[in-house]
Structures are given as C-alpha cells and as structure tokens.
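We're numbering straight along the sequence, starting at 1.
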Amino acid sequence: MRVFFAIPIPDSVREKIRAIQDMLKESYGGKYTDGDNLHITLAFIGDVDTKVIDMLTEIEINSDTIPAEFKLSLRGMDSFKDGKVTYLKVEKNAEIERLRAYLEERLSALGIPFEMRDEFCPHVTIRRGKKEMIKEESETLEINVSSFALYESKRVDGELKYVPIKTFGGNILMTTKIMKGKDAIEEGARLINSGGIVAFPTETVYGLGANALDEEATLKIFEAKGRPQDNPLIVHVASVDDIPKLVEEISEGARRVIDAFMPGPITVIMKKSDAIPNSVTAGLRNVGIRMPVNETAREFIRACGCPIAAPSANRSTRISPTSAEHVYEDMNGRIPLIIDGGASDVGIESTIIDMTRDTPTILRPGAITESMLLSVLSEVRTFQGKVISVAPAPGMKYRHYAPRCETVVASDVESAISGYDRAKEEGRDPVIVARSHEAYGDRNVIELGKSDEEVCRNIYSALHRGETEHDYIIIEDFGDGGIGDSVMNRVNKASGGKRI
C-alpha cells in the first residue's frame, strides 16, 4: 500500500479553501487531481508492506516533538509548475520544521526510504496557456493544528481516497475510561450512536466496536488499531432476529449452525446484504455474523440499537485481550471507553465457519470444534493445511497474537528445558508457558491448567504476563485434536512459526 505522513486541514477552513479552488477550476478550466481530501504532505513513503506499516505506527510522538496545538499559515501563491497550482503554500514555521526534522530522523533511523515534501493537496490543474491569468493571492489563512496522520492512498470505485491509518497528536491522545455496569453500557451506547468506538467484553476476547452500518465509524476501528483495511471485521448482534437484514439469505446449513451454537463463540460467514458497508467486509461479498453469549456484550449491543462491527480490542499484530486491563495496556489514549465485564470465559477468538462454500469450511478454529459442527452438518472441511491467498475472514492474512518479546514453541519437555537453559546462559530472562510446572523443576513457568478448557481460557493472559515479566517465551506444544487445534493455531501465530 502507498502511505505518507500529512497534516489534515481542519473543518474550520475547508469550505473557504474549497471555494477558492472551485473558482480556479471553473475560471481557468482546471480540475482536481490527486484525490479529494485536503491535507499538507510532510513525508512520502510510497509502497510498503504490513511490517513497515507496523514500524511506522509505532513511532513515538511526545510534546517535545509536536505541541498540543500550533499555528499553521497557508498563503496564496501564483507559482506554476507542470501545469499545477495549489493556490496555497505552507509558510515556514518553526514548529512544523521541528516536526518535519523529527520525522526525517526517525524514518532514516528505521531505514525506511522516504521523500520529504511540503505541498498542499489536492492540486488544481490549470489548462496550459492560462498561466498568465493566475494573479497573486495575498490572503493568509491562520489555522490551529493539533495532529498529523499516517495515510494510505487507495482507489475506491475509481476515485483516489486518502484514509488515515493512525493519527498522532491531539486527535488521538484522548482520555480512556474504564467503566462497569449500567453506566458503562449507557455511555458506550451514546458513543456508538455519535459515531464513536468502544471496547467491550465478550466470552472469547474483548472487542473494539463501532456501528456496523456506519462506514465512517468503522474506519475509526482501523485507525485506532493500525489495522490493514483489507482485513474484514465481524458483525456482532444481540439476537438471531437481527441477522436476516444483514445477509442475502440464511441457508439451511447456516440456520442449523446458528440454532445450535448461537449465542456462543461461533462466527458464521454468509453473503452480505447491501446494509453492510464495504469497509466492514474489506470489499468482499461475504460477512461474518456472531452473537456473543456474554450478557454484558448483548446488553451493550441492544442499548446501541444497531449491529456492532468489531475485531479484537488490541493494536494490530499484538496479543488479543481477555480483560479490560489488557485493553487499557494496549489502547490507552486511542479509544474513549472500555466496558469492563471481567475476564473472558473462553479466552480465544470464535470459530469461523464459511457457509457460502459447497462444503462448509472452518476458516479459523476455536472453542466450537469440528466434531461439534459435525453434529449438525453432514460434512466440514477442516482448517489444517489450507492456504488462502485473500483474507476472507479476520485474522487469516496477517500475523496476529504476537508478544513484544521473542516467542517459540517447544516440541516436547526436553526441548523446552534445553531452550530455557540456553537462554539463561545467554543472559536472557526466559519463561515456559505450560499446562503444569511439574516437569520443569525450579524454572520460571506460567501454568495454564491441565484441562483443554483451562488452557484455552488462560493462553492469552499467560502471553500478556510473559511479555511483561520476561524477554523470552517458550510455549509447550499442546498437541492437536479438539480445542488443542484452536490453541495451537494461536500459539503458532504468536511464535511466527518458530520451534525449538
């Protein structure tokens, strides 16, 4: 994707700037180019992959780098280059120059190719031969700016759009509240109905929700998470009666799965209706529908009066949260509210089953296992060994569930012990994540519990604790079959496939 850093133009002066550009366009036969979002480009990065996006969103911005608010002077101009006139130029400003210098320094340190720019977009292109008609404009617009953003440029229905991936500064440094009970649900519903985003509990992991029918609101989820927009969101409902208006049809097989496992940790993929915006499904024709069993989640969705689109409430590629505290650690300052519903009961994301295929196919394993699905379906295609090039379901295309420290999977107890001892000799602080400490002597061990259900419920909490207290995580291989498949799916993603 093509990305760049830019300062968005505040709403307070948009109409005035547009009126001047419209005058140029109409009087001199010009046209808009380079998109339709007003901004001032600071640094152009170009085409990058998701790894570079992660690096860019992690750039730290503090008050020494960008003040809470600074003035921006835009002055009319009569310069003409390659048939383009922007009308406005950015006058030199010490605060902006400090920001530009900091970005230049950080991008250079990260080894990311870039080009520093100082231009107003979009341009107004003037027909050749009209240059002499453009007169100098002396008016200067003074505006206050409190943020800048990392943008992605993409074509949507043939038009070039600039979509913020992450905002830095005043617009994102908000106060994040943690609330419980009725007051939390009422405040959450108020935020959702005003186009905001809210973190809320479910039995699987905490979700970061927005009105699923409001495209602009759902884009705020991607911005807060730093999540690629080609990774779909799951739509959560409070009742099965809410499903028909969100999908084209409910097949006989989909109905059996819904009746058997909803509410519960299952997401059913069906053909979407026109009510669901493309931002939710990443432009795909299908949508994932889920009805949580968690009563707080359902009360929240009912209070909102709309379906809620939500991925897990963590920054992209980070560990999924199973408590309000986990959400706060990762999303503080990025979202306004976390509804605290206690620890998640299941502890890993929902099973996703695609009911649009000839053979129902598990796209993501979870607590609803293959054998459970076979109780209502004649056949199911399993998750193992299937390679999908386009991400038709959340969490399939990008690396998820990743701790901040190095993480590996041990094939057996002996491998875990030797890996632990080797790390200690290297001066590291390792920990083993296992069902029990019994086989590991006095080594650091985070116990998950001996049953599959305990392992499933506790795995994300263990990874959160491991990355906080240690610098090297060794995870026991929990085997395959049933819930073990679902846990190892997450463990293998957390380790990036590294085994010892």
Asks: Would you compute the distance between atom CG of N492 and atom NZ of K498 and round it to the nearest 0.5 angstrom?
Replies: 12.5 Å
Asks: Step by step, work out the side-chain contact (heavy atoms from CB on, under 4.5 Å) result for I459 and V433.
Replies: CA-CA 8 Å; I459 184 65; V433 176; 4.2 Å; yes
Asks: Does the side chain of I192 come within less than 4.5 Å of F300's, by heavy atoms?
Replies: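 Touching, per the 4.5 Å side-chain cut-off.
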Asks: Can you find a side-chain donor-acceptor pair between T204 and S350 that sits under 3.5 Å?
Replies: no
Asks: Within a strict 4.5 Å, meaning less than it, do heavy atoms of the I353 and L363 side chains meet?
Replies: no
Asks: Is any side-chain heavy atom of D452 closer than 4.5 Å to a side-chain heavy atom of R435?
Replies: yes
Asks: Does a side-chain heavy-atom distance below 4.5 Å link E299 with I339?
Replies: no
Asks: Quick one: does any side-chain atom of D54 pair with a main-chain N or O of K51 as donor and acceptor, under 3.5 Å?
Replies: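 Judged by distance alone, no pair lies under 3.5 Å.
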Asks: Any side-chain heavy atom of M179 within less than 4.5 Å of one from I338?
Replies: no
Asks: If you measure from CG on L463 to CD1 on I319, what distance do you get to the nearest 0.5 Å?
Replies: 5.0 Å
Asks: A side-chain contact here means heavy atoms from C-beta on lying under 4.5 Å apart; do S320 and H326 qualify?
Replies: no
Asks: I'd like to check K245 versus S273 (side-chain heavy atoms, cut-off strictly below 4.5 Å). Are they in contact?
Replies: no
Asks: Assess, by modelled atom type and distance only, whether the side chains of R290 and T202 contain a donor and an acceptor separated by less than 3.5 Å.
Replies: yes
Asks: Can you tell me if R298 uses its side chain to pair, donor with acceptor, with the backbone of V293 under 3.5 Å?
Replies: yes
Asks: If you measure from OG1 on T407 to CD1 on I474, what distance do you get to the nearest 0.5 Å?
Replies: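 Those atoms lie 10.0 Å apart.
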Asks: Taking all atoms of both residues into account, what is the closest heavy-atom pair of G466 and I473, and its distance?
Replies: C-CD1, 3.8 Å
Asks: Report the C-alpha distance between V268 and M262 in whole Å, list the side-chain angles of each, state the deciding distance to 0.1 Å, and finish with yes or no for side-chain contact (heavy atoms from CB on, under 4.5 Å).
Replies: CA-CA 10 Å; V268 179; M262 287 192 186; 3.8 Å; yes
Asks: Which pair of heavy atoms, one from P321 and one from V205, lies closest together, and at what distance?
Replies: O-CB, 3.2 Å
Asks: Does T382 use its side chain to pair, donor to acceptor, with the backbone of V380 at less than 3.5 Å?
Replies: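 Not a single qualifying donor-acceptor pair exists.
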Asks: Between H470 and E467, is there a side-chain heavy-atom distance shorter than 4.5 Å?
Replies: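 Answer no - side chains too far apart.
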Asks: Is any NZ, NE, NH1 or NH2 atom of the basic residue among E252 and R255 found under 4.0 Å from an Asp or Glu carboxylate oxygen of the other?
Replies: no
Asks: Taking side chain to side chain contact (heavy atoms under 4.5 Å, CB included) as the criterion, tell me which of L233, I197, I301 meets it with I308.
Replies: I301
Asks: Provide the closest heavy-atom pair for P265 versus A367 in the form atom of the first, atom of the second, distance.
Replies: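 Closest approach of P265 to A367, heavy atoms only: CG-CB, 4.0 Å.
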Asks: Determine the minimum heavy-atom distance between G195 and A217, stating which atoms define it.
Replies: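 Reported closest heavy-atom pair: O-CB, 3.7 Å.
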Asks: Out of curiosity, K225 NZ to D330 CG, how far, rounded to the nearest 0.5 Å?
Replies: 8.0 Å
Asks: If you draw a 6.0 Å radius around CD in E295, do more than 12 non-hydrogen atoms from other residues or ligands fall strictly inside?
Replies: yes
Asks: Given N211 and T218, is the side-chain contact (heavy atoms from CB on, under 4.5 Å) satisfied, shown in steps?
Replies: CA-CA 7 Å; N211 182 347; T218 60; over 6 Å; no
Asks: Hey, is the main chain of V376 close enough, under 3.5 Å, to the side chain of R256 for a donor-acceptor pair?
Replies: yes
Asks: Among side-chain atoms of R285 and T356, is any donor-acceptor pair under 3.5 angstrom?
Replies: no
Asks: Give, for atom CD of E187 and atom NZ of K177, the distance between the pair rounded to the nearest 0.5 Å.
Replies: 4.0 Å
Asks: Measure across F261 and S375 and return the closest heavy-atom pair with its distance rounded to 0.1 Å.
Replies: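 Looking at all heavy atoms of both residues, the closest pair is CZ-OG, 4.2 Å.
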Asks: Within this structure, what is the OG1-CG distance for the pair T296 and D340, rounded to the nearest 0.5 Å?
Replies: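 Reported value, rounded in 0.5 Å steps: 9.0 Å.
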Asks: Between R499 and D477 (salt bridge meaning N to carboxylate O under 4.0 Å), is one present in this structure?
Replies: yes
Asks: Do any N or O atoms from the side chain of Y206 and from the backbone of G341 form a donor-acceptor pair under 3.5 angstrom?
Replies: yes
Asks: Spell out, as yes or no, whether a donor-acceptor pair under 3.5 Å connects the side chain of D49 to the backbone of V52.
Replies: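 Judged by distance alone, yes, a pair lies under 3.5 Å.
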Asks: Can any side-chain N or O of E203 pair as donor or acceptor with the backbone N or O of N294 at less than 3.5 Å?
Replies: yes
Asks: Passes side-chain contact (heavy atoms from CB on, under 4.5 Å), M355 versus L377? Steps please.
Replies: CA-CA 11 Å; M355 297 302 299; L377 298 172; 4.1 Å; yes
Asks: Mark yes when over 12 heavy atoms from residues, nucleotides or ligands other than D358 sit less than 6.0 Å from its CG; otherwise mark no.
Replies: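 Not more than 12 within 6.0 Å, no.
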Asks: Ignoring hydrogens, what is the shortest heavy-atom contact between L208 and I335? Give both atom names and the distance.
Replies: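 Nearest heavy atoms, L208 then I335: CD1-CG2, 3.7 Å.
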